[in-house]
Every structure is written in structure tokens, then in C-alpha cells.
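Presented below is the structure to which this report refers.
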Amino acid sequence: MKIPFSPPYINDSVKNEVMDSLESGWITTGPKVKKLESQIAALTKAPQVLCVNSWTSGAILMLKWFGVQPDDEVILPAYTYSATALAVIHAHAKPVMVDVNEDFNISLKAIEKAITNKTKAIIPVDIAGWPCDYPEINQLVIHKKGLFKPDNEIQEMLGRILVISDAAHSIGAAYEGKQTGVLTDVTIFSLHAVKNVTTAEGGAICLNMPAPFDNEELYNTLRCYSLNGQTKDAFTKSKAGAWSYDIIFPGLKINMPDVLAAIGIGQMEEYICKTLPERIRIFEAYNEYLSQREWAILPKYKSNKKQSSCHIYALRVSGINEEQRDQIITLISTYDVAVNVHFKPLPLLSLFKEMGYSIADFPISYKQYSNEISLPIYPQLTDEEITYIVKAVCESVEQVLYAQEKL
Ligand SMILES: *Cc1c(COP(=O)(O)O)cnc(C)c1O
């Protein structure tokens, strides 16, 4: 049996939507993107949703819109994918990394300590699809209003730190019944090939700015900003007689094409009724099998407040170090089962090391990373495959643990 880590889920609806786009005579940003935006708005109840070509470019767009500058600080967890910090760097601000909790998510206490009068934004990350402590984070930025120093009209209008959630993993997750998408000012989903809902490459920005911001007006501004700062998109301009346009901002070119939005439309149709419940089913099956092993530290996916989107199954093995974890992964690969590690904390990566970040400052991130193994989780997995994966994992872990006891 050969188990890949995360193959895309391509149903007939996806194929039909893509063919429809290809045959329609219009393949870049147009009606399919609008439809995908409205599907995501219907799911999340976000006032406005703007699709772009990746999570990363969406985050750069939002930070540029907010007007962050070289001296400004943006707080984010050390435990995340590199894009969270790279977006801040590309927007010319300074990433300020903080440590996480045992649930892998950014620590509220650590955020509180890191806030200064230069902090312009916070990017909490819903690791594995588990929502962060948003009511507390939102409360904290209000509480710290006095420290906030606005540098432009937009920042003055908000009057506090902007909260952008990195919801790359958490489409479909909820906090007290409210979907990610409306838990913070701005939420960005990734629609990359390995994510719960994909367009091959893509991102969706949920706009939920408080009054006096007008989210519809903001959508129009950002849409224009995502298309070179051009007043008309190519679809509108292609209509007879509508050739004339203007450039009003130094915009980015990060729009999503219709042919990719078509993949997302087909996926969204089955997400809530089928593919998300399937992920939850697999997560529960792993938890049930592994709860019988004393070495297994099981990941959380449900509490009285939170519901995960079950994007990653982040198993931890108690009592092993990083080297033993790597040995276990090598053993698991001999069963032809692909597993992964989410994530290598940013300070362990060369770029961030060279920038002066040190893993010693993030002990919980390191502890969580050193014994973490992500198991395959996607709707196509059968019960037989799940049993096989559990067997491969248990035998591999126990071989390493047992070898240790024998010494
Ligand atoms: C995948 C991912 C991103 C980047 O998403 P792209 O759409 O590839 O830009 C950002 N943050 C996290 C936590 C991710 O897992």
C-alpha cells in the first residue's frame, strides 16, 4: 500500500467547472472568481471576500494597504510556515516573533509582552485548523489602544493594531459557532494545492473591518490594487466600447484567474457536506486508535468553544528528541507512508537565523516541533488505509522507543 501525504481532491464538479471556464471564452478574472467569492462569503458570513493568487500575496496586499513602514513591527508566532513572516518582510516591516502554547497557536501572554508603540499588526495563525484565542486577542488590541501611533488616515480610522488571521489551514473552522472569516478584522485563507479547499494556487481575503470602514468600498479598492491599480478589470475592459481605463495606485498583479477559481467552486460545493466531515472522521479515527498508546500526545480538534477544520493531524510522541523523531519518520517511509512535520519553527531556517532570530528564545515552539509528526489526512483515505497508517506509525515509534530502553 502506498500512501501519499496530501493529494488534491478532484471530483466531477471540479472538472466540469474547469471545462466550463475553458470553453467560455474567458479564462482570467471574471464570473468564476465572483462565484467563488460569494461561496466563501456564504460559508463564513464575511461582509466581503476578495480572491487573489495566494495567501502570501493577500497578506502583502493587506499590510501595504494598512501602510506599514520599515520601522513598524508585526507580531506573529515563531511556529508557522515561512510565508507568514515573508509577507511582513515583503511589505517592508519587521516580523516580531513570539512563542506558542501547547496547542501550537500563538500565546496571548507572549503577544502582550511584545506589543510596543511600533506594533501595527498581529498575525495569529490557526495551526492545523485550530482557531486562536480571538476574543482575547481582539480585547488585547483594544486595551493597548493608548500605545498605538497611527501614521496615515487608515491607521487613524482604526485607531489600534490591525488583526489579520493567517487562516491558511482553517477554512470551515469555528469559534463559538462563528466561522473563521469573521473572527478578526481580516482573515486570509490559502487555496494552495495541499489546503482543505484549493484552486491549485490561490488565496481568499475576508474583509470584516469595523465601522466606520465600509467593507464594500474596501473590496473595490483592494480589487483594483490587486490588478495593477487599474480602474477596470480585463473582463470589463473586454466589453465593446469599454476600452478606456486609468491607473490610480502602484498596484500589485495578484488577481486570481477564472480557470483556477473554477477548481475552487467545484471543491466548495462538497466542502461542508462531504470533504470537511470526512476530515473530521479521519481525525477521530486516528485519535481513537492512538489513544490506546501511552506515548501518543493527541491533537485537539474540538472543545466547548472551538471546532477545528482538521487540516493537519499533528501527532506528538512523548519522550523522544528531534533525532529520534527523524528516525521514526525514516522508518514510517519504509512502509510507503508519507508523513510530514508542521512546522520547522522559523528561527531554525537559515534566512531567519541570519536575521538574528534564535530558537533559544522560543522554547515551546522547539519542544512542540521536536516530537511532532503530521499524519496524512484527506477525504480519499479509506478505513483500510487508516488502519495501515496507524500500524506503520505505531510499529515505527515503538521500534525507536524500544531500542532506547534496551540501551
Ligand atoms: C500554506 C500556508 C501559507 C501560504 O499560503 P500560500 O497560498 O501558498 O501563499 C501561509 N501560512 C500558512 C500557515 C500556511 O500553511
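In each ligand, atom 1 is the first atom listed, and ligand 1 is the first ligand listed. Nothing fancy with the numbering, it's 1 onward along the sequence. Only heavy atoms go into these numbers, but all of them, side chains included; no hydrogens, no water, no symmetry mates.
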Centre-to-centre under 6.0 Å for F362 and Y79, is that the case here?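 Judged by ring-centre distance (under 6.0 Å), F362 and Y79 do not meet the cut-off.
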Who pairs with K306 by side chain to side chain donor-acceptor pair (under 3.5 Å), at least two apart in sequence or on another chain?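 With neighbours one apart ignored, the set is D133.
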Verify the distance criterion only: is there a donor paired with an acceptor across the side chains of [X] and [Y] at less than 3.5 Å?
X: S365; Y: D99; value: yes
X: E73; Y: T116; value: yes
X: D166; Y: T84; value: yes

Classify the ring geometry of Y225 against F249: parallel below 30°, tilted from 30° to 60°, perpendicular beyond 60°.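 Aromatic pair Y225/F249 classed parallel.
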Once you restrict both partners to nitrogen or oxygen, which atoms of ligand 1 have a protein partner under 3.5 Å, and how far apart are they?
residue	atom	partner	partner atom	Å
ligand 1	5 (O)	S190	OG	3.2
ligand 1	7 (O)	W55	N	2.9
ligand 1	7 (O)	S190	OG	2.7
ligand 1	9 (O)	W55	N	3.3
ligand 1	9 (O)	T56	N	2.9
ligand 1	9 (O)	T56	OG1	2.5
ligand 1	11 (N)	D166	OD1	3.4
ligand 1	11 (N)	D166	OD2	2.8
ligand 1	15 (O)	H169	NE2	2.6
ligand 1	15 (O)	K195	NZ	3.1

